[in-house]
A.B. asks: 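My questions all concern the structure below.
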Amino acid sequence: MTRKPKLAVWKFASCDGCQLSLLDCEDELLALAGQVEIAYFLEASRATVKGPYDLSLVEGSVTTPHDAERIRQVRRVSRHLVTIGACATAGGVQALKNFGDVNEFVSIVYASPDFISTLETSTPISAHVPVDFELHGCPIDKRQLLEVITAFLHGRRPNISSTSVCMECKRRGTVCVMVAHGTPCLGPVTHAGCGALCPSYDRGCYGCFGPMETPNTVSLTRELKVLGMSEPAVERVFRTFNVTAFDAARKP
Ligand code: SF4
Ligand code: SF4
């Protein structure tokens, strides 16, 4: 009998939302469990099987010296390593600390700061080890996750669109909130994947899936200002879940 591929799911600094997207697969998860051995997934089971693992899904960013050591160990025992979500691919909303004084935050937030051991930055997994594929989103989309897992099980590249949220709006026939109502929207520069969820509820896109390939942030910034956003407001709208990725994309 051929051995089932071993799947591992790892958590670093994160809210667990992306692991929940995997659990949220429900029916598909049963089919998946028939195809792979879910060998390490502490969110779902306390029982673990020793590595090496054929596919590791990594959620979360590196924020402590222990994280930095542990991700190297995860890489050593993983044939393929895929990062899932804004935390793992861009440092997450916790990367806002990269722009402030960490010691000041620690002294304000924690009653006993002496017990806190933290790095000054929150960084994506790719800043520490080689990554085979990055799946974007906050949280990730479960259909895209299933496509990525299936692709790696069959030894092919995942078929994930690299276009913008605007394309998803057009495909579902959603009226553009920016053109119709003057609502600021990050859709023109944001990676597709959510199915244009926010515009379908008459809200602008918040950029949860991070920058698309070659985003034209200069044009969008100009348009946001035409719609009445001040310079600080534009800065804030780009500085959320994918702050480091959008910062890099906006550099000249
Ligand atoms: S990317 Fe978003 S949903 Fe996923 S773990 Fe990070 S904060 Fe949670
Ligand atoms: S609502 Fe936003 S995402 Fe949709 S087409 Fe308009 S600008 Fe693009």
Side-chain angles (χ1 to χ4, degrees), residues 9-25 41-44 57-63 67 71 82-97 122-126 131 134-142 144-145 148 161-212 215-217 219-227 229 234 237-246:
V9 184
W10 308 91
K11 172 186 163 66
F12 286 78
S14 60
C15 80
D16 287 32
C18 289
Q19 293 184 75
L20 287 176
S21 295
L22 179 54
L23 290 174
D24 190 37
C25 289
F41 189 6
L42 295 184
E43 177 108 354
L57 302 176
V58 180
E59 175 197 83
S61 66
V62 172
T63 58
D67 284 347
I71 191 57
V82 171
T83 50
I84 57 170
C87 300
T89 59
V93 72
Q94 58 272 32
L96 284 169
K97 76 172 182 174
S122 168
T123 42
I125 299 301
S126 61
V131 168
E134 292 186 313
L135 184 62
H136 301 277
C138 183
I140 51 168
D141 175 79
K142 69 176 187 180
Q144 288 196 333
L145 177 61
V148 167
S161 168
S162 59
T163 56
S164 69
V165 176
C166 287
M167 295 296 286
E168 299 188 302
C169 257
K170 302 301 172 219
R171 259 185 234 121
R172 64 187 290 168
T174 299
V175 172
C176 176
V177 299
M178 194 141 75
V179 172
H181 314 298
T183 304
C185 179
L186 292 191
V189 297
T190 298
H191 204 292
C194 64
L197 190 61
C198 288
S200 76
Y201 285 95
D202 264 350
R203 304 189 313 179
C205 164
Y206 290 92
C208 308
F209 277 62
M212 63 176 295
N216 189 343
T217 53
S219 283
L220 181 62
T221 299
R222 198 183 309 124
E223 186 58 25
L224 293 175
K225 288 180 181 167
V226 168
L227 291 176
M229 287 182 87
V234 170
V237 85
F238 278 110
R239 291 194 157 189
T240 57
F241 329 99
N242 289 283
V243 51
T244 57
F246 272 122

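This one's a predicted model, so the numbers in the text were calculated from it and none came from an experiment. Counting convention: from 1, in listed order, for ligands and their atoms alike.
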A.B. asks: Closer than 2.8 Å to atom 6 (Fe) of ligand 2, do we get an N, O or S atom from Cys176, backbone or side chain?
C.D. replies: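 Yes, since at least one N, O or S atom of Cys176 sits under 2.8 Å from atom 6 (Fe) of ligand 2.
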A.B. asks: Any sub-3.5 Å donor-acceptor pair from Thr174's side-chain atoms to Lys170's backbone N or O?
C.D. replies: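 Checking the backbone N and O of Lys170 against the side chain of Thr174, no donor-acceptor pair under 3.5 Å is found.
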A.B. asks: Do Glu168 and Cys194 touch side chain to side chain, with heavy atoms closer than 4.5 Å?
C.D. replies: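 Yes, side chains in contact.
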A.B. asks: Please name the pair of heavy atoms, one in Cys185 and one in Leu224, separated by the smallest distance, quoted to 0.1 Å.
C.D. replies: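 So the minimum-distance heavy-atom pair works out to N-CD2, 4.0 Å.
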A.B. asks: Does a side-chain heavy-atom distance below 4.5 Å link Ser164 with His191?
C.D. replies: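 No, too far: nothing below the 4.5 Å cut-off.
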A.B. asks: If every non-hydrogen atom of Cys25 is compared with every non-hydrogen atom of Lys142, which pair is closest and at what distance?
C.D. replies: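 Smallest interatomic distance, heavy atoms only, reads SG-CB, 3.8 Å.
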A.B. asks: Under 4.0 Å from a heavy atom of Pro139: which atoms of ligand 1 are those, numbered in the order shown and with their elements?
C.D. replies: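 Result: 3 (S).
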A.B. asks: What's the shortest distance from atom 2 (Fe) of ligand 1 to any protein heavy atom, and which residue and atom give it?
C.D. replies: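 Looking only at protein heavy atoms, the one closest to atom 2 (Fe) of ligand 1 is Cys138 SG, 2.3 Å.
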A.B. asks: Is a donor on one side and an acceptor on the other found under 3.5 Å between the side chain of Asp16 and the backbone of Gln19?
C.D. replies: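 Side chain of Asp16 to backbone of Gln19: no pair is present.
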A.B. asks: Going by the atom numbers of ligand 2, which of them fall below 4.0 Å from some non-hydrogen atom of Pro188?
C.D. replies: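 Here the atoms of ligand 2 in question are 7 (S).
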A.B. asks: Could you pull out, from Cys15, Ser14, Gly17, the option with a heavy atom nearest to atom 8 (Fe) of ligand 1?
C.D. replies: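 Going through Cys15, Ser14, Gly17 one by one, Cys15 has the nearest heavy atom to atom 8 (Fe) of ligand 1.
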A.B. asks: Side chains of Val82 and Val58: does their closest heavy-atom pair fall under 4.5 Å?
C.D. replies: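 Val82 does not reach Val58 side chain to side chain.
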A.B. asks: Hey, which atoms in ligand 2 end up nearer than 4.0 Å to a heavy atom of Val177?
C.D. replies: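 Those qualifying, in numeric order: 1 (S).
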A.B. asks: Side chains of Leu135 and Thr89: closer than 4.5 Å at any heavy-atom pair?
C.D. replies: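 Contact flag for Leu135/Thr89 side chains = no.
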A.B. asks: Enumerate the atoms of ligand 2 whose separation from the nearest heavy atom of Cys185 is less than 4.0 angstrom.
C.D. replies: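 The list of qualifying atoms is 1 (S), 2 (Fe), 3 (S), 7 (S).
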A.B. asks: Just which atoms of ligand 2 are under 4.0 Å from any heavy atom in Gly187?
C.D. replies: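 Near Gly187, the atoms of ligand 2 are 3 (S).
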A.B. asks: Mark the output for Gly137 as yes if a heavy-atom distance to ligand 1 is under 4.0 Å, and as no if none is.
C.D. replies: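 Yes, that is the case, since the closest heavy atom of the residue is under 4.0 Å from the ligand.
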A.B. asks: What protein heavy atom sits nearest atom 4 (Fe) of ligand 1, and how far off is it?
C.D. replies: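 Going atom by atom, the protein heavy atom closest to atom 4 (Fe) of ligand 1 ends up being Cys18 SG, 2.4 Å.
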A.B. asks: For ligand 1, does Glu59 get within less than 4.0 Å through its side chain, its backbone, both, or neither, judged by non-hydrogen atoms?
C.D. replies: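 The answer is the side chain.
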A.B. asks: Between Ser61 and Gln94, is there a side-chain donor-acceptor contact under 3.5 Å, judged purely by atom types and distance?
C.D. replies: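 Present: a donor and an acceptor within the cut-off.
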A.B. asks: Could you tell me if any non-hydrogen atom of Lys170 lies under 4.0 Å from any atom of ligand 2?
C.D. replies: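 Contact present.
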A.B. asks: What's the spacing between Leu197 CG and Cys169 SG if we round to 0.5 Å?
C.D. replies: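 Separation between the atoms: 10.5 Å.
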A.B. asks: I'd like to know: is atom 8 (Fe) of ligand 2 within the 2.8 Å range of an N/O/S atom from Cys169, strictly under that distance?
C.D. replies: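 No - counting backbone and side chain alike, Cys169 has no N, O or S atom under 2.8 Å.
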A.B. asks: In the protein, which heavy atom is nearest to atom 6 (Fe) of ligand 1, and how far is it?
C.D. replies: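 Among all protein heavy atoms, the one nearest atom 6 (Fe) of ligand 1 is Cys87 SG, 2.3 Å.
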A.B. asks: To check your reading of the model: name the closest protein heavy atom to atom 1 (S) of ligand 1, its residue, and the distance in Å.
C.D. replies: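 Checked against all protein heavy atoms, atom 1 (S) of ligand 1 sits closest to Ala86 N, 3.1 Å.
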